[in-house]
2 protein chains.
Amino acid sequence: MAYSDQYIDKLRKSGLRPTKQRIKICEALFNAEKTFHFTIKELVKIIENQANIKVSLATVYNTVHAFMKKGYLKEIPLNASQSYYDTNVTHHHHFFDEEENKLIDIHQDDVDEINIKRTIPGKKIRSVEVIAKIVSDNQSQK
Amino acid sequence: MAYSDQYIDKLRKSGLRPTKQRIKICEALFNAEKTFHFTIKELVKIIENQANIKVSLATVYNTVHAFMKKGYLKEIPLNASQSYYDTNVTHHHHFFDEEENKLIDIHQDDVDEINIKRTIPGKKIRSVEVIAKIVSDNQSQK
DNA sequence: TAGTAGATTATATTTATTCTAAACTGTTGA
DNA sequence: TCAACAGTTTAGAATAAATATAATCTACTA
Ligand SMILES: [Mn+2]
Ligand SMILES: [Mn+2]
Ligand SMILES: [Zn+2]
Ligand SMILES: [Zn+2]
């Protein structure tokens, strides 16, 4: 299993023991062709579908938090009651489709440099993220 | 009470009955010199401090939602477990101080126009908001 | 001023997330 | 090789924000 080995390495290098559960979660998150956005509930479903082993909910939460701390996942702020996570950890922005409750990546290059002409004394900016909320365009019917 | 009258008007014009509770909540939200950000828990505290009448938690939630629907409040997306609300309903951006868990307004004029060179077919942009996360700057000691 | 739609309230419920503490397992070094 | 142990998993309990319920109350109007 080439993938497993790769994840075992990744986990070991991160100081995380490569357990069955964590390797399974790595496969669910990082085997995908493309990066994607997910909630914990959705991730649990993905794991169940690819299931040969069972992973408890607490472990899913623990692992997602551990991976965030290591920089393998990002949390996306949305005005929802549940957290959204992103396997794309590069600096980028989002459309949020309010009707379908779906996040769409906007590549950094697709947004002109954001220049904030204001500073807070003693503080520095750690990240700058844009969320553009989108809805159906019904004007374009004519 | 000039303020009360003003809020009674505002509520009536919005099709909301001007109840004692709603007027009280208007006073808590809109008497302030400056706009501000709050959580439900904080709003409940503000009301309690200015208290002459009691307002139940359910009514606070109901009223905040009603005011949002009318455009008197905005919800601010943060990766927190509770919703933040804003009495500043103009288009603006935010610093989020991750250490103090505090939002700071950035006036629209303090951010250069945000140009997104990408569209989603059949969708239009409803809003574009920037969140800049800030942390203590310890490099600047020298 | 009575009737009614709308509003408030205490309380129960829902649901995402975190905590607990017992059982289990990957790692290490003797 | 394997015992020991720190790290991990787990079921289930706890927490807390938010919403639902349904009985009571009240602002409005005719
Ligand atoms: Mn979290
Ligand atoms: Mn809400
Ligand atoms: Zn993304
Ligand atoms: Zn604001």
Side-chain angles (χ1 to χ4, degrees), chain A residues 1 4-5 7-28 37-48 51-70 72-73 75-85 101, chain B residues 4-5 7-28 37-45 47-48 51-70 72-73 75-85 101:
Chain A
M1 306 283 161
S4 291
D5 287 351
Y7 297 138
I8 289 171
D9 273 6
K10 184 181 180 124
L11 289 165
R12 282 228 183 82
K13 277 177 195 155
S14 312
L16 298 169
R17 287 187 182 173
T19 62
K20 286 196 298 297
Q21 291 85 351
R22 282 174 177 161
I23 293 166
K24 185 76 207 164
I25 293 172
C26 279
E27 287 169 356
H37 307 101
F38 64 93
T39 63
I40 293 289
K41 217 202 293 191
E42 288 164 355
L43 179 55
V44 167
K45 279 231 182 75
I46 295 168
I47 294 166
E48 274 171 4
N52 27 350
I53 69 159
K54 207 209 154 222
V55 181
S56 80
L57 187 59
T59 296
V60 175
Y61 273 102
N62 288 343
T63 303
V64 165
H65 281 128
F67 285 4
M68 274 208 293
K69 194 175 293 182
K70 295 299 175 183
Y72 304 148
L73 291 175
E75 200 167 8
I76 307 297
L78 282 181
N79 60 341
S81 51
Q82 58 190 336
S83 286
Y84 279 72
Y85 301 93
N101 255 55
Chain B
S4 291
D5 288 352
Y7 297 137
I8 289 169
D9 274 8
K10 182 179 182 127
L11 289 165
R12 281 229 182 80
K13 277 176 195 156
S14 313
L16 298 169
R17 288 188 180 170
T19 62
K20 286 197 296 298
Q21 291 83 350
R22 282 174 177 163
I23 293 165
K24 184 76 209 162
I25 293 171
C26 280
E27 287 169 354
H37 308 101
F38 64 93
T39 63
I40 293 289
K41 217 203 294 192
E42 288 164 356
L43 179 55
V44 167
K45 279 232 180 75
I47 294 166
E48 274 171 6
N52 27 349
I53 68 160
K54 207 211 156 221
V55 181
S56 80
L57 187 60
T59 297
V60 175
Y61 274 103
N62 289 341
T63 303
V64 164
H65 280 125
F67 286 4
M68 274 208 293
K69 194 176 292 183
K70 295 298 174 184
Y72 304 148
L73 291 175
E75 201 167 6
I76 307 297
L78 282 181
N79 59 341
S81 51
Q82 59 190 335
S83 284
Y84 279 72
Y85 301 93
N101 255 55

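These values consider heavy atoms only, across backbone and side chains, with no hydrogens, waters or symmetry-generated copies. Labels below follow one simple rule: chain letters A, B, ... track the order of the sequence lines, proteins then strands, and each chain is numbered from 1.
- Residue A:Ser83 places at least one side-chain N or O closer than 4.0 Å to OP1 or OP2 of C:dT17.
- Distance check: A:Leu16 CG to A:Ile23 CD1 gives 11.5 Å after rounding to the nearest 0.5 Å.
- As a whole-Å value, the separation of B:Lys24 NZ from C:dT8 P is 15 Å.
- Using a 4.0 Å heavy-atom distance criterion, A:Ser81 is classed as a sugar-phosphate-only contact.
- Listed pair B:Lys41 / D:dA17 meets the phosphate criterion, a side-chain N or O lying under 4.0 Å from OP1 or OP2.
- By the side chain to side chain donor-acceptor pair (under 3.5 Å) test, B:Tyr61 pairs with no residue at all, sequence neighbours left out.
- Comparing D:dT10, C:dA10, D:dA18 by their closest approach to the side chain of B:Gln82 singles out D:dA18.
- One atom, CD1 of A:Ile47, and another, P of D:dT10, lie 10 Å apart when rounded to the nearest Å.
- Residue A:Leu57 is classed as a base contact, given a heavy-atom separation below 4.0 Å to a base.
- Scanning for side chain to side chain donor-acceptor pair (under 3.5 Å) contacts around B:Lys10 gives an empty result, with sequence neighbours left out.
- Interatomic distance, B:Leu57 CG to B:Leu43 CG, rounded to the nearest 0.5 Å: 10.0 Å.
- Closest to the side chain of A:Arg12, from the set C:dT9, D:dA18, C:dT27, is C:dT27.
- The phosphate of D:dT9 has neither OP1 nor OP2 within less than 4.0 Å of any side-chain N or O from A:Lys54.
- Taking every side-chain heavy atom of B:Tyr61 into account, D:dA18 is the closest of C:dA16, D:dT10, D:dA18.
- Phosphate contact (OP1/OP2 of D:dT19, side-chain N/O of B:His65, threshold under 4.0 Å): present.
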Checklist entry - How far apart are the C-alpha atoms of A:Phe67 and A:Leu11, what are their side-chain angles, what is the distance that settles it, and do they pass the side-chain contact (heavy atoms from CB on, under 4.5 Å) test? => result CA-CA 9 Å; A:Phe67 285 4; A:Leu11 289 165; 3.7 Å; yes
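- Using a 4.5 Å heavy-atom cutoff, the side chains of B:Glu75 and B:Val64 are not in contact.
- Computed from coordinates, the A:Leu11 CG to C:dT25 P distance equals 17 Å when rounded to whole Å.
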Polar atom pairs between nucleotides 23-25 of chain D and protein, under 3.5 Å, N or O only, would you list them?
none

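- Annotation: side chain of A:Thr63 is not in contact with side chain of A:Tyr72 (no heavy-atom distance under 4.5 Å).
- Rounded to an integer number of Å, the gap from CD1 of A:Ile8 to P of D:dT8 is 15 Å.
- Across residues 14-23 of chain A, A:Leu16, A:Arg17, A:Thr19, A:Gln21, A:Arg22 each have a non-hydrogen atom less than 4.0 Å from an atom of DNA chain D (numbered order).
- Scored by the side chain to side chain donor-acceptor pair (under 3.5 Å) test, A:Ser81 finds no partners at all (sequence neighbours excluded).
- Taking atom CG on A:Leu78 and atom P on C:dA16, their separation rounds to 15 Å, with Å as the unit.
- For A:Thr59, the side chain to side chain donor-acceptor pair (under 3.5 Å) partners are A:Ser56, not counting sequence neighbours.
- The interatomic distance linking A:Asn62 (CG) with C:dT20 (P) rounds to 13 Å, in whole Å.
- Taking all atoms of both residues into account, the shortest heavy-atom contact from A:Arg17 to A:Arg22 is O-NH1, 3.0 Å.
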